[in-house]
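Treat the numbers as computed from the prediction; the structure is a model and nothing was measured. Labels below follow one simple rule: chain letters A, B, ... track the order of the sequence lines, proteins then strands, and each chain is numbered from 1.
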Amino acid sequence: MAFDRSDLDLFIPLTLFGRLEEVLLGSSNHHVIPFRVYLNILLILLLFTVVTVVVSRIDFGAANAFIAMFIASIKAGLVLLYFMHLKYDDKLFPTVFFISIFFLLVMFAFSHLDIITRVLENNIL
Amino acid sequence: MGTAIVDKNKNYLNEKSGLWSWLTTLDHKRIGIMYMIAVMFFFLLGGIFAMLIRAELFKVGPTLFTSPQYNQVMTLHGAIMVFMVIIPGIPAFLGNFFLPIQLGAKDVAFPRINLLSWYCLIVGAAVVFWSLLHHGVDTGWTFYTPYSISTSNGTTWVVAGAFIIGFSSILTGLNFIATVHKLRAPGMNFWRMPLFVWALYSTAILQVLATPVLGITLLLLVAERVMGIGIFDAKLGGDPVLFQHFFWFYSHPAVYIMILPAMGVVSELIATFSRKTIFGYKAIALSSVGIAAVSFFVWGHHMFVSGQSEVAGIIFSFLTMLVGVPTAIKVFNWVATIYKGSVRFDTPMLYALGFLFLFTIGGVTGIILATIATDVHFHDTYFVVAHFHYVMVGGTLMAIMGGIYYWIPKMFGRMYNEYWARITFVLIFVGFNVTFFPQFVLGALGMPRRYFDYLPVYEPLNRISSVGAWTIGVGFLIGLFVIIQAIFKGEKAPENPWGGKTLEWQTASPPPHENFHNQPVVTAGPYEYR
């Protein structure tokens, strides 16, 4: 019988998992970002702040929230990538960050799926 | 060059003395023991509430409580057992103690954060108990809106306490992930990690990703109660079902936070007591990660009758079935490991076998509840109560007990009394089935849960269930004495009483302050018996 054979297991080469760990951990070189880059990002963020204020005075109807969230996401992304060094850091950190974002999207997607289909099923609108 | 002199009599227990040295310790083993004491205390409290519930339900009509009092007792039983016992039980207690040792590390990655997580649990628990002075809480441990928005002030305190306890869970998870990635001994690659470590690693991912959602949800609930912001309150344009979505997005993965570490313990027990290389190591290891991943896609099966849309219900029902795949992989691999093994039926192995039997019943009845058509009938009946107790008590608590008996010789350097430990197992195992199997029948007959009274037709099975509960109570009390007796009066334990192969069995009992006198170098897998 096969059950008493310890060599029967999933074949996953160690090198494959070693590669995964390498991707997860990356290198630990500390990257120094030039001051000019910080200044440029600051200016872009200020520009987007102006855009945020301007856009808030225009009524896009149902798209209002989407546009506001889109601009805010770009600003948050810039802060994460440059001010919080995500662009230059070990690959473990962006991996963890994007996994978190993915599961957040899963939560939003399924919750909204329920709300939208509930509205359609019950002809609430 | 001088060589450090190693005092073989020094260990983590006698390295320093005094209460202050414990309260300020950064040693993961001492913090694990502090978790053990806290969790046992909470378990005793939650257990007393359980006994009171069964006393009330022993016969028809009011017995001990009024209905509002019963609601409070039932809520505290659930909240204490979930947030203070089962969630921290294995990861924070056994995990804290053994994860670094099994990896060959001196400590966890962030020892100060580790201590902070213990204080978060204690402060959070104190805040929960403070609610008793504010008319208690009667919402059930799920705090469902809209009732939780309008009921007594104690709800705010309990919710705040659960919020604080959540930080304990998140910090422990962060610590374990960093420890697994950064502090493994030379030669300890991922495929040489014990399955308990794999289970804790998968659990840690859930703790870090899911717990913040509960924190935010509970904060929104408090904001709704205090400020009326209108996110869950239908009167203000909110959606009460949205609370259930947010709550179960955490709380279903939380079920796996409770059971995955238990599965890790069982993997250790079955391999060691079967004296055989574990069957399908990689399949068991990766199925833990698989369960963790799938757990984020199934929460809507708690909401089939909540008003959730039919489309969402069908999708969640289908996705829920997927959990059965990695779970069955584990169960079949454990059974295959036992097959033709040189099985020793010591108490830890009895608990592992008990886990296999009870958890399988819990899992299979879960399939019945994941099927929409049958769930509509069984929802909010005692069938659900029986199902999740078979998973949580029959699964997690069995594994905790097995794990405690397995590792007592290592933690305290003392052996427990095998005879009394087996009696404890028999009482708990028999008592458990006598308590909860009749509840499947009661649920199928339509008895609703969370009520303090019932129709006379349900009385005989309720009486049997109550007698079973008290049998479990006696079993756990004797078990507690066996543990205390072992710690203070037990025979001196050898370094490796069970012939285990993982790293904790290669060091002294109890382990020294930094776990090993010499840095271990790993050259083989954790279960290479034959």
Should we count CZ of A:F103 as having more than 12 external heavy atoms under 6.0 Å? yes
Do B:F246 and A:M107 have side chains that approach each other closer than 4.5 Å (heavy atoms only, starting at C-beta)? yes
Drop me the distance from A:S111's OG to B:Q308's CD, to the nearest 0.5 angstrom. 9.5 Å
If you look at every heavy atom in A:D114 and B:S309, which pair is closest and at what distance? OD1-N, 2.7 Å
Contact part of A:I116 toward chain B, heavy-atom cut-off under 4.5 Å: side chain, backbone, both or neither? neither
Heavy-atom contact with chain A under 4.5 Å, split by part of B:V213: side chain
According to the interplanar angle, ranging from 0 to 90°, do the rings of B:W299 and A:F110 count as parallel (below 30°), tilted (30 to 60°) or perpendicular (above 60°)? perpendicular
Could you please state which residues from residues 311-320 of chain B sit under 4.5 angstrom from chain A, measuring non-hydrogen atom to non-hydrogen atom, sorted by number, or 'none'? B:V311, B:A312, B:I315, B:F316, B:L319
Side chain, backbone, both or neither: which part of B:D239 has a non-hydrogen atom closer than 4.5 Å to chain A? side chain
Taking non-hydrogen atoms and a cut-off under 4.5 angstrom, which of residues 56-63 of chain A neighbour chain B? none
Surrounding CZ of A:F83 (heavy atoms of other residues, nucleotides or ligands, distance under 6.0 Å), is the total greater than 12? yes
Measuring heavy-atom distances to chain B, does A:F108 have an atom under 4.5 Å in its side chain, in its backbone, in both, or in neither? neither
Check step by step if side-chain contact (heavy atoms from CB on, under 4.5 Å) holds for B:F296 and A:F102. CA-CA 11 Å; B:F296 280 101; A:F102 171 73; over 6 Å; no
Is the backbone of B:E310 close enough, under 3.5 Å, to the side chain of A:E121 for a donor and an acceptor to pair up by distance? yes
Check: B:V241 and A:I115 side chains under 4.5 Å, non-hydrogen atoms: no
